[in-house]
Amino acid sequence: MSEKKEEVVSEALKAEEQLRSQWYILDTDGKLWEFDQFDFKGHDNLRKFSGYEYEKDRTVTRTPPHVDLMRSLELVDYEPASDPGNFRYYPKGRMIKALLEEYVTSMVHEYGGMEVETPLMYSMEHPTLKSYLNRFPARQYTIESDDTRYFMRFAACFGQFLIAHDATISYKNLPLKIYEMTRYSFRREQRGELTGLRRLRSFTMPDVHAICRDLEQAKEEYKVRFKLSQDVLQGIGFDKSDYELAIRMVRDFWDENQDLVKDLAKEHGKPVLIEMWNERFFYYIVKWDMNFVDNLDKASALATDQIDVENGERYDIKYMDEDGSTKHPYILHCSPSGAIERDIYGLLEKAAFDMKKGIKPSLPLWLAPTQVRIIPVSHEYTPAADKIREEFNKVRVDIDNRDETVGKKIRDAEKEWIPYIIVVGEKEAGLNEYPVRVRGQKNPEKMSISSLQEKIHAVTGDKPYRPVPVPIYLQQRPKFVG
RNA sequence: GCCUUGGUAGCUCAGUGGCCAGAGCGGCACCCUUGUAAGGUGUUGGCCGCGGGUUCGAAUCCCGCCCGAGGCUCCA
C-alpha cells in the first residue's frame with residue numbers, strides 16, 4: 001500500500017546522492033586556493049556561506065527574524081488552510097511583491113527579454129517533459145484531470161522550451177531571450193525544509209532563458225546577464241556586501257574557460273566559492289549563484305544563471321545556422337533576482353541586522369507601504385492634513401486621523417518603519433516649511449512639501465510606483481495581524 | 001519523508017491533574033481634544049490546535065492527526 005504512492009523522485013535526485021564536490025576559493029586576482037589554505041579574515045560572510053556549503057554546519061534553533069517581521073508589518077502570513085509553504089499576502093505585502101515583480105520585469109525588458117505566459121501545469125505523459133522531470137532535482141505537486149496526471153511547473157523552462165521548439169529560429173535571431181515572471185513556481189519541498197519566506201512550496205520567480213548559437217555566444221551572454229543580475233539585486237536593495245558568489249562547474253569547463261570564471265570573480269570584487277565536479281551530473285556545465293547570508297548564518301541563493309548543454313536537444317529546439325544546417329543551441333537559465341519572496345526575506349533579514357546593531361530598521365524607500373505619514377494633532381486639523389497630502393504626486397502619503405494622542409500616533413508610525421512623519425497642528429498653519437521627522441535622524445528637519453517630494457523621488461525615481469495599498473485614513477484600516 | 005520541539009482570547013504569553021481558565025496589548029463605549037515612541041475609565045474576547053483514550057475529574061497524562069519552528073537533505 002505504501003509503495004503504491006510511488007513518489008516521483010527524479011534521477012537527478014538519486015544522482016546527487018553520489019555527487020562528489022571539490023571546493024576552492026577563487027580570489028579577485030584569479031588565484032585558486034585550496035579551501036583550507038584560504039585566509040577568510042575580512043571575509044566573514046564568505047566564511048559563513050562556505051561553511052554552510054562545505055562543512056554542512058547548519059545547526060540552528062531560533063526562529064528567523066524575518067518571520068516575526070513579515071507578520072508584524074502585516075506583509076505576509078501563513079495560510080493554515082493551504083499546503084505548508086503557500087502563503088497569504090496582505091495588501092502591504094502584495095504591494096511590495098508587485099513592485100518587485102514590476103521592477104524585475106522592467107529590467108529584463110531593458111535587457112531584451114520577450115515576456116511570455118505559459119501554463120502552470122503540464123502532462124506527465126509528455127515524452128520530453130517526462131525525461132526532463134528526471135533531470136531536475138525537484139519534487140512535484142501532481143493533480144489529476146480525467147485520466148491524465150499533471151504536474152505543477154517548478155520553473156518556466158517547460159513552457160518556454162515548448163515555445164522555442166515550435167518556433168522557427170535563425171542564427172540571426174540569437175541570442176534569443178524569453179522571459180516569464182512565474183507566479184507561481186511550485187516545488188513540493190520536504191516539510192522540514194520550509195522556512196518562512198526563505199523556502200516555500202510556491203514562489204514567484206523570474207525566469208529568463210537565452211538561446212545561444214554556441215559556447216562562445218553563451219559565454220558572452222553569460223557575462224551580460226551576470227551584470228544584469230548584479231544590477232537587479234542592487235536595485236532591489238542588496239549591494240555586493242550583502243551576498244556571496246559561488247561558481248559551480250565541471251572541471252573541464254574550468255580548464256578551458258578560466259578567463260570567464262575569473263572575469264566573474266573580478267566583477268564581483270570579492271573572493272568566490274568554487275565548487276567543481278569531475279563529471280557532469282546536471283544538465284548544465286556551469287552555474288553561478290549569488291547567496292544571501294542571514295541572521296542565523298543560513299545561506300540561500302538569490303540570483304543564479306546556468307549554461308545548459310542538454311535541453312536544446314531534449315526539447316528538440318533548433319536553429320538554422322549560416323551554412324544551412326540545423327543545430328541545437330546552448331541555453332542559459334537565469335533568475336536575475338531569485339524568487340521575489342526570497343528577496344523580501346533578504347530585505348527583512350537585512351533590517352533585522354540593523355536592529356541588532358541598534359540602527360532603526362527600514363525597507364528601501366521605493367518599497368515602503370507608507371512613505372509619508374501626516375499626523376493631525378486633533379480632528380480639527382484633518383483638513384489641513386488633507387491639503388498637505390494633495391500637494392504630493394506619486395508619493396505614498398497617508399493620514400492618521402484616529403482619536404489618539406500625538407505620542408501614540410508617532411509611536412505607531414515608528415513601529416511601521418515609516419520614513420517621513422509630519423505632525424500638523426496650529427503651529428504649522430500657513431507655513432511653507434514643515435518640521436519633518438526623518439527616520440534615523442535625531443532632530444526634525446524643516447522642509448517644504450515640494451523639497452520632500454523631490455528628496456523622495458531622487459531615491460525612488462527609476463523604480464515603479466503604486467499608491468498606498470490600504471485606506472488613506474488610518475481610522476478606516478482593519479488590523480490583519482495582532 | 002524521518003527526527004526534535006512547540007500550538008491556551010484577534011496578537012504576545014502565564015497557567016502542567018481539582019473551585020466559573022488568567023494578564024498585557026488590541027477591539028468596542030465613554031471621558032480627555034491631544035505637540036513628536038503607549039492619556040484615563042469601563043467593557044468585549046476562549047470547541048486551552050483537531051479527534052480518540054485514561055481518570056471521580058484533563059488545557060494539564062497517553063495515542064493518532066493537523067499546523068508552526070529547527071535538524072537531516074535541498075534550493076529560487
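Remember, it's a predicted structure, so these values are computed and weren't measured experimentally. The chains referred to below are lettered A, B, ... by the order of the sequence lines, with proteins before strands, and numbering in each begins at 1.
B:A38 is unpaired under the criterion used here, namely a Watson-Crick or G-U wobble arrangement in which both key atom distances are under 3.5 Å. Remark: B:C32 base-pairs with no nucleotide; criterion is Watson-Crick or G-U wobble with both hydrogen-bond distances under 3.5 Å. Remark: B:G70 base-pairs with B:C3. Criterion, Watson-Crick or G-U wobble with two distances under 3.5 Å. Taking a pair to require two hydrogen-bonding distances under 3.5 Å in either a Watson-Crick or a G-U wobble arrangement, B:G10 pairs with B:C25. Nucleotide B:U55 forms a pair with no other nucleotide shown, judged by Watson-Crick or G-U wobble geometry with both contacts under 3.5 Å. In this structure, B:C20 forms no base pair with any nucleotide, since neither Watson-Crick nor G-U wobble geometry is met with both distances under 3.5 Å. With a cut-off of 3.5 Å on both Watson-Crick or G-U wobble distances, the partner of B:C48 is given as none.
Less than 6.0 angstrom separates the ring centroid of A:Phe87 from the ring centroid of A:Tyr78. Aromatic pair A:Tyr345/A:Phe292: centroids less than 6.0 angstrom apart. Ring-centre distance between A:Phe158 and A:Tyr122: below the 6.0 Å cut-off. You'll find the ring centres of A:Phe226 and A:His268 outside the 6.0 Å limit. If you look at A:Tyr222 and A:Tyr330, their ring centroids are not closer than 6.0 Å.
Residue A:Ser378 has its side chain nearest to B:U34 when only B:A37, B:U34, B:A76 are considered. Among the nucleotides B:G68, B:G35, B:A76, the one closest to any side-chain atom of A:Val423 is B:G35. Set against B:A76, B:C75, B:U73, the side chain of A:Lys287 has B:A76 as its closest nucleotide. Nearest to the side chain of A:Arg71, among B:A37, B:A76, B:C11, sits B:C11. Nearest nucleotide to the A:Lys427 side chain, out of B:C75, B:G70, B:G35: B:G35. Closest to the A:Glu193 side chain, of the nucleotides B:G39, B:C75, B:C72, is B:C72. Each of B:U34, B:C75, B:G27 was ranked by its minimum atom distance to the side chain of A:Asp403; first place goes to B:U34. Of all nucleotides listed (B:A69, B:U36, B:A76), B:A69 comes nearest to the side chain of A:Thr195.
No engagement by A:Ala156 is indicated, since no non-hydrogen atom pair under 4.0 Å with the nucleic acid exists. Among the heavy atoms of the strands lying under 4.0 Å from A:Thr304 are primed sugar atoms or P, OP1, OP2 only; no base atom is included. Counting non-hydrogen atoms under 4.0 angstrom, A:Val377 reaches a base of the nucleic acid. Heavy atoms of A:Asp343 sit nowhere under 4.0 angstrom from any nucleic acid atom. Residue A:Glu428 is in base contact, counting any heavy-atom pair closer than 4.0 Å across all strands shown. Within 4.0 Å of A:Lys360, counting heavy atoms only, lies at least one base atom of the nucleic acid. Residue A:Glu341 is classed as having no contact, given no heavy-atom separation below 4.0 Å to the nucleic acid. Across all strands, A:Pro444 comes closer than 4.0 Å to no nucleic acid atom at all (heavy-atom distances). The residue A:Gly407 sits close only to the backbone: its heavy atoms come under 4.0 Å of sugar-phosphate atoms, none of a base.
Look at the P atom in both B:G1 and B:C65: the space between them is 11 Å, to the nearest Å. Comparing the C1' positions of B:G27 and B:U44 gives a spacing of 8 Å, expressed to the nearest Å. The P atoms of B:C13 and B:A29 are separated by 29 Å, rounded to the nearest whole Å. For B:G7 and B:G15, the P atoms lie 10 Å apart once the distance is rounded to whole Å. To the nearest whole angstrom, the two C1' atoms, one in B:A59 and one in B:C3, are 27 Å apart. Nucleotides B:G46 and B:A9, compared at atom P, are 10 Å apart to the nearest Å. When the P atom is used for both B:C61 and B:C67, the distance is 23 Å, rounded to whole Å. Rounded to the nearest Å, the gap between the C1' atom of B:G18 and that of B:U60 is 11 Å.
In this structure, CZ of A:Arg411 is placed 6 Å from C1' of B:A37, rounded to the nearest angstrom. Remark: P of B:A37 and CZ of A:Arg437 are 5 Å apart, rounded to the nearest angstrom. For the pair A:Leu296 CG and B:G71 C1', the computed distance is 13 Å after rounding to whole Å. When the P atom of B:C32 is taken as reference, atom NE2 of A:His379 falls 12 Å away, rounded to whole Å. Straight-line distance from the CG atom of A:Leu194 to the C1' atom of B:G6: 17 Å, rounded to whole Å. One interatomic measurement links the two molecules: OH of A:Tyr78 to P of B:C11, which rounds to 14 Å at whole-angstrom precision. Residue A:Asp294 contributes atom CG, which lies 15 Å from atom C1' of B:A76 at whole-angstrom precision. Separating the CZ atom of A:Phe87 from the P atom of B:G68 is a distance of 8 Å, rounded to the nearest angstrom.
Comparing A:Gly85 and A:Lys408, the nucleotide of RNA chain B nearest to each residue sits closer to the 5' end for A:Lys408. Residues A:Ser300 and A:Glu79 each lie close to RNA chain B; by heavy-atom proximity, the contact nearer the 5' end of the strand is made by A:Glu79.
If you check distances only, the side chain of A:Arg342 does reach the base of B:C75 with a donor-acceptor pair under 3.5 Å.
Electrostatic pairing of A:Arg437 and A:Glu414 counts as a salt bridge here, judged by a charged N lying under 4.0 Å from a carboxylate O.
At least one side-chain nitrogen or oxygen of A:Lys479 sits closer than 4.0 Å to the OP1 or OP2 atom of B:G27. Here A:Thr405 does not reach the OP1 or OP2 of B:U34: none of its side-chain N or O atoms lies under 4.0 Å away.
Because its NZ or CZ atom is both nearer than 6.0 Å to the ring centre of A:Tyr111 and within 45° of the ring axis, A:Lys177 counts as a cation-pi partner of that residue.
Between the side chain of A:Arg280 and the backbone N or O of A:Phe282 there is at least one donor-acceptor pair closer than 3.5 Å.
Counting heavy-atom neighbours within 6.0 Å of A:Lys360 NZ, excluding the residue itself, gives a total above 12.
In B:G45 the O4'-C1'-N dihedral to the base is within 90° of 0, which defines a syn nucleotide.
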